[in-house]
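One is the number of the first residue; the rest follow in order along the sequence.
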Amino acid sequence: MVMDTGGRLVAGSHNRNEFVLINADEIGRIKSVQELSGQICQICGDEVEITVDGELFIACNECGFPVCRTCYEYERREGNQACPQCKIRYKRVKGSPRVEGDEEEDSIDDLEHEFDYGNIETSVVTPSSEAVPSACGNHVGSSRLATEDLEIPFFTCGEEIFSDQHAIIVPPPFSSQGNGIHPSPSSPLPSLQPRPMIPEKDTALYGYGSVAWKNRMEEWKKRQSDKFPVVKQQEDNDGSELDPDLPVMDEGRQPLSRKLAIASSKINPYRLIILLRLVVLGFFFHYRLLHPVSDAYGLWITSVICEIWFALSWILDQFPKWYPIQRETYLDRLSMRYEKEGKPSELDAIDIFVSTVDPMKEPPLITANTVLSILAVDYPVEKVACYLSDDGAAMLTFETLSETSEFARKWVPFCKKFCIEPRAPEWYFSQKIDYLKNKVHPAFVRERRAMKREYEEFKVRINRLVSMAQKVPEEGWTMQDGTPWPGNNVWDHPGMIQVFLGQDGVRDVEENELPRLVYVSREKRPGFEHHKKAGAMNSLVRASAVLSNAPYLLNVDCDHYINNSKALREAMCFMMDPTSGKKVCYVQFPQRFDGIDNRDRYSNRNVVFFDINMKGLDGLQGPIYVGTGCVFRRQALYGYDAPIKKKPPSKTCNCWPKWCCLCCGSRKNQREKLKKEKKKTLKQKEASKQIHALETVKERTEDTKNENQSIVFQEKLEKKFGQSPVFVASTLLENGGIPKEVCSTLLLKEAIHVISCGYEDKTEWGKEVGWIYGSVTEDILTGFKMHCHGWRSVYCVPKRPAFKGSAPINLSDRLQQVLRWALGSVEIFLSKHCPIWYGYGGGLKWLERISYINSVVYPWTSIPLIVYCTLPAICLLTGKFIVPEVSDGV
């Protein structure tokens with residue numbers, strides 16, 4: 001390959017695949033050592049010296065971390081004698097005094113500078129009359145350099161090295177002729193000292209610029225990007241620049257989210273009030289316990305017990321709020337990292353679950369809007385699959401989903417073309433805003449009117465289905481082909497699966513691919529326990545694992561539509577973060593509701609819980625799972641433990657001075673240990689000769705043992721996950737996916753198998769795997785089990801609410817909802833999974849445990865509250881009081 005050298009010396013090694021370009025200053029003058037070396041000491045900030053051989057001083061031959069000679073010698077003499085970057089012990093450089101430990105190195109003795117701790121002056125070598133040999137096979141003449149183009153081997157794996165990427169700058173010769181390092185053709189060539197390249201020596205000795213050095217630097221920068229905080233270097237609003245010492249990296253390599261701590265001016269007064277109240281409580285109980293009322297001892301002790309309960313309940317509620325945080329996501333960085341131009345999207349797939357039971361209580365039109373908002377979400381269509389669980393096996397729900405899939409072929413491209421929000425048509429067309437605002441597309445008005453007419457016709461068809469479902473025929477429902485509907489008997493019907501969208505040939509009106517839409521109704525038979533919503537969700541987990549097996553799951557109620565089309569991307573900023581995403585089991589979004597007036601007389605917003613308590617839990621181990629609007633990691637639902645964080649290496653004796661070293665003992669003890677280890681190795685060698693004869697016999701049995709171990713492992717998986725080999729194999733795939741060579745008919749058959757009513761018998765489903773059974777509030781129990789396995793959760797509150805739902809509109813519905821929550825908490829309190837005594841020794845933090853205890857204990861507060869409220873009436877009727885009278889001298 002012909003390459004223009006531009007008058008510069010090219011050096012390289014074909015065997016080592018190296019290519020070094022030696023450049024010179026344009027005017028042939030070097031004003032300072034910094035210009036000569038181009039390196040600054042990373043410890044003191046001084047310039048790195050040039051050695052007496054005319055080379056750049058290199059302290060560490062392993063990583064080439066820039067350190068000046070003064071800091072290098074001080075680190076060897078007074079420090080830990082190791083490189084600050086790679087932590088490898090410094091080797092003695094020629095001209096540097098010996099220190100303790102150098103006798104173990106096989107290096108050339110330098111008796112002249114054996115114990116010289118004085119300043120070492122650097123000088124530039126005088127040129128000799130010899131020529132510089134070329135390292136790439138092309139010989140340079142001894143009298144003058146060739147100026148014509150040279151054919152130079154290209155040893156950089158196709159990467160071109162430019163002139164400004166040099167790492168070695170050779171000082172100009174001390175000659176009055178010429179201004180450059182290479183003389184003009186008319187001037188004699190001043191020769192330099194020969195500098196042969198020895199293959200045995202580290203290439204870092206010849207300067208920075210080798211391919212190996214560049215690879216090491218890239219790996220080091222990658223490690224630094226994971227360790228250090230990242231600050232985008234741009235001017236603030238006031239014009240001041242950020243700290244230049246902080247590392248700056250490419251946007252695509254920066255974290256996808258960050259924590260925003262609550263301002264100390266807001267949180268510290270709150271903490272102070274908590275502490276003051278604790279002090280007041282202490283004085284209060286000190287008075288109450290030391291001054292009993294003898295005349296009304298029963299009333300007194302009852303009041304004290306109630307007051308202690310109230311105090312404990314208050315403490316359980318306050319301390320989990322001690323470390324509240326907020327979070328911020330960077331969707332642009334997510335796209336830059338995983339959606340590169342010209343390449344397929346690398347975002348992970350998501351399976352979305354929608355659960356419904358009775359279409360008469362849960363309007364089908366609301367369910368259809370939820371499904372439409374999912375299908376139109378801003379996420380790669382091949383990465384989204386929507387599964388609707390019809391636990392009532394209603395034909396009305398099936399027909400509604402069929403109509404929805406047809407309307408989605410028009411609605412989805414309209415949403416993505418004009419980027420509308422929200423993407424649920426009922427709430428989009430009911431917005432009282434100017435729909436022409438910020439819409440500059442000329443066809444928007446026309447297409448919006450046409451789409452609204454299409455939606456009105458869609459509503460008419462859905463309402464017609466609802467009216468027809470009011471009167472059930474005596475023989476039951478029949479399908480279009482005359483076949484009886486399999487779900488005519490709600491409690492005795494087979495499992496049903498129908499794929500509406502996502503098949504070959506089913507596209508939208510613009511011939512674009514659509515997300516997958518699947519109808520699922522699990523099998524129900526008399527005599528089997530079906531576990532209500534938790535059982536239906538576990539059936540969806542298994543069916544989706546067989547059909548799509550996305551690594552992440554999102555579950556929403558049928559009345560909670562996606563209000564923010566980028567909600568999935570918000571969750572992926574936490575799940576797919578390379579630094580902290582591996583330990584996140586789920587991302588919980590707050591619940592927001594439509595149709596609530598300003599008074600909120602039924603307290604549907606739950607402001608204290610969603611805006612205060614949940615942010616406080618996010619600062620501990622994460623928020624609790626609230627049943628909807630939550631993105632799960634599939635592996636966490638399978639009952640696997642969270643990945644264990646690697647502990648930092650233990651301290652060595654170099655960490656502390658000799659007089660305070662307590663971690664590993666003195667160096668003498670280390671030498672004694674080394675001697676003992678050598679003796680042990682000699683004994684082991686003698687014993688190995690005798691053992692070698694037995695190894696040949698053991699090798700024959702190893703194959704049979706491996707086969708037995710694989711069989712045992714398969715049996716354990718089947719006992720845990722069930723008897724489906726396809727599903728069991730999918731549980732071992734951390735990144736999800738299904739084999740492409742498997743027939744779709746076989747997968748559907750296997751999906752029917754995993755939603756059968758007897759599949760969970762003698763397995764760990766509902767006990768350690770999936771949604772946990774044993775309470776009507778399965779959401780709290782499921783999140784609690786994940787936290788006990790060491791996982792942490794994240795609370796995501798985007799500026800635009802991610803999901804919105806329908807709140808109870810009357811007092812009876814609201815009371816029924818609160819009663820169900822209280823009943824579920826009582827069931828958890830009386831079960832083996834009660835956080836008071838369950839999960840010790842796992843990964844649950846103690847403040848997180850307190851929050852779970854508070855969530856299951858709060859219904860019991862009603863008992864002491866009722867008793868305490870009746871005490872004043874009893875006191876008035878009996879004439880006895882729970883506090884001492886003033887006349888008693890107290």
Answer yes if the side chains of [X] and [Y] hold a donor-acceptor pair under 3.5 Å, and no otherwise.
| X | Y | result |
| --- | --- | --- |
| Glu339 | Ser335 | yes |
| Ser565 | Glu421 | yes |
| Gln817 | Tyr602 | no |
| Asp594 | Trp427 | yes |
| Glu426 | Tyr455 | yes |

Can you confirm whether [X] sits close enough to [Y] that some side-chain heavy atom of one is under 4.5 Å from a side-chain heavy atom of the other?
| X | Y | answer |
| --- | --- | --- |
| Leu554 | Cys630 | no |
| Glu734 | Lys582 | yes |
| Met468 | Met395 | no |

Among Tyr795, Trp791, Phe589, Phe632, which residue meets the ring pair (Phe, Tyr, Trp, His ring centres under 6.0 Å) test with Tyr625? Phe632

Roughly how far apart are [X] [atom1] and [Y] [atom2], rounded to 0.5 Å?
| X | Y | atom1 | atom2 | value |
| --- | --- | --- | --- | --- |
| Met576 | Leu256 | CE | CG | 8.5 Å |
| Tyr428 | Leu372 | OH | CG | 14.5 Å |
| Leu733 | Thr731 | CG | OG1 | 7.5 Å |
| Arg820 | Ser825 | CZ | OG | 10.5 Å |
| Lys804 | Asn563 | NZ | CG | 5.0 Å |
| Leu819 | Ser812 | CG | OG | 12.0 Å |

Can you say whether the rings of [X] and [Y] are parallel (under 30°), tilted (30 to 60°) or perpendicular (over 60°)?
| X | Y | value |
| --- | --- | --- |
| Tyr640 | Tyr638 | perpendicular |
| Phe398 | Phe500 | tilted |
| Tyr387 | Phe353 | perpendicular |

Shortest non-hydrogen separation from [X] to [Y] and the atoms involved:
| X | Y | result |
| --- | --- | --- |
| Pro364 | Val466 | CG-CG2, 3.8 Å |
| Leu347 | Tyr338 | CD2-CB, 3.7 Å |
| Pro494 | Pro486 | CD-O, 3.8 Å |
| Ile497 | Leu748 | CG2-CD2, 4.0 Å |
| Arg423 | Val377 | NH1-C, 4.1 Å |
| Ile738 | Ala545 | CG2-O, 4.0 Å |

Residues pairing under side-chain hydrogen bond (donor to acceptor under 3.5 Å, both in side chains) where one sits in residues 508-519, two or more places apart or in two chains, turn out to be Asp390-Tyr519

Within residues 396-409 or reaching into it, pairs that qualify as side-chain hydrogen bond (donor to acceptor under 3.5 Å, both in side chains) - sequence neighbours excluded: Glu403-Arg461

Under 3.5 Å, is there a donor-acceptor pair between the side chain of [X] and the main chain of [Y]?
| X | Y | answer |
| --- | --- | --- |
| Asn369 | Leu365 | yes |
| Ser373 | Ile562 | yes |
| Glu570 | Ala802 | no |
| Ser345 | Pro380 | no |
| Glu750 | Val546 | no |
| Ser355 | Ser389 | no |
| Asn564 | Pro798 | no |
| Trp485 | Ala393 | yes |

Take Thr329 and Arg569 through the side-chain hydrogen bond (donor to acceptor under 3.5 Å, both in side chains) test and state the conclusion after the steps. CA-CA 9 Å; Thr329 57; Arg569 295 177 180 269; over 6 Å; no

Residues two or more places apart in sequence or in another chain: which of them pass salt bridge (charged side-chain N to carboxylate O under 4.0 Å, His left out) with [X]?
| X | answer |
| --- | --- |
| Arg601 | Asp597 |
| Asp391 | Arg522, Lys524 |
| Lys410 | Glu454 |
| Glu362 | none |

Under a 4.0 Å N-O cut-off, is there an ion pair linking [X] with [Y]?
| X | Y | value |
| --- | --- | --- |
| Glu447 | Lys417 | yes |
| Asp618 | Arg792 | yes |
| Asp348 | Arg633 | no |
| Asp611 | Arg592 | yes |

Arg337 vs Asp332, test: salt bridge (charged side-chain N to carboxylate O under 4.0 Å, His left out). Steps then yes/no. CA-CA 9 Å; Arg337 186 186 293 262; Asp332 52 345; over 6 Å; no

Hey, do the aromatic rings of [X] and [Y] have their centres closer than 6.0 Å?
| X | Y | value |
| --- | --- | --- |
| Trp765 | Phe727 | yes |
| His833 | Phe784 | no |
| His560 | Phe803 | no |

Can you confirm whether Arg525 is buried at CZ, in the sense that more than 12 heavy atoms of other residues, nucleotides or ligands lie under 6.0 Å from that atom? yes

Look at atom NZ of Lys767 and say whether more than 12 heavy atoms of other residues, nucleotides or ligands are closer to it than 6.0 Å. no

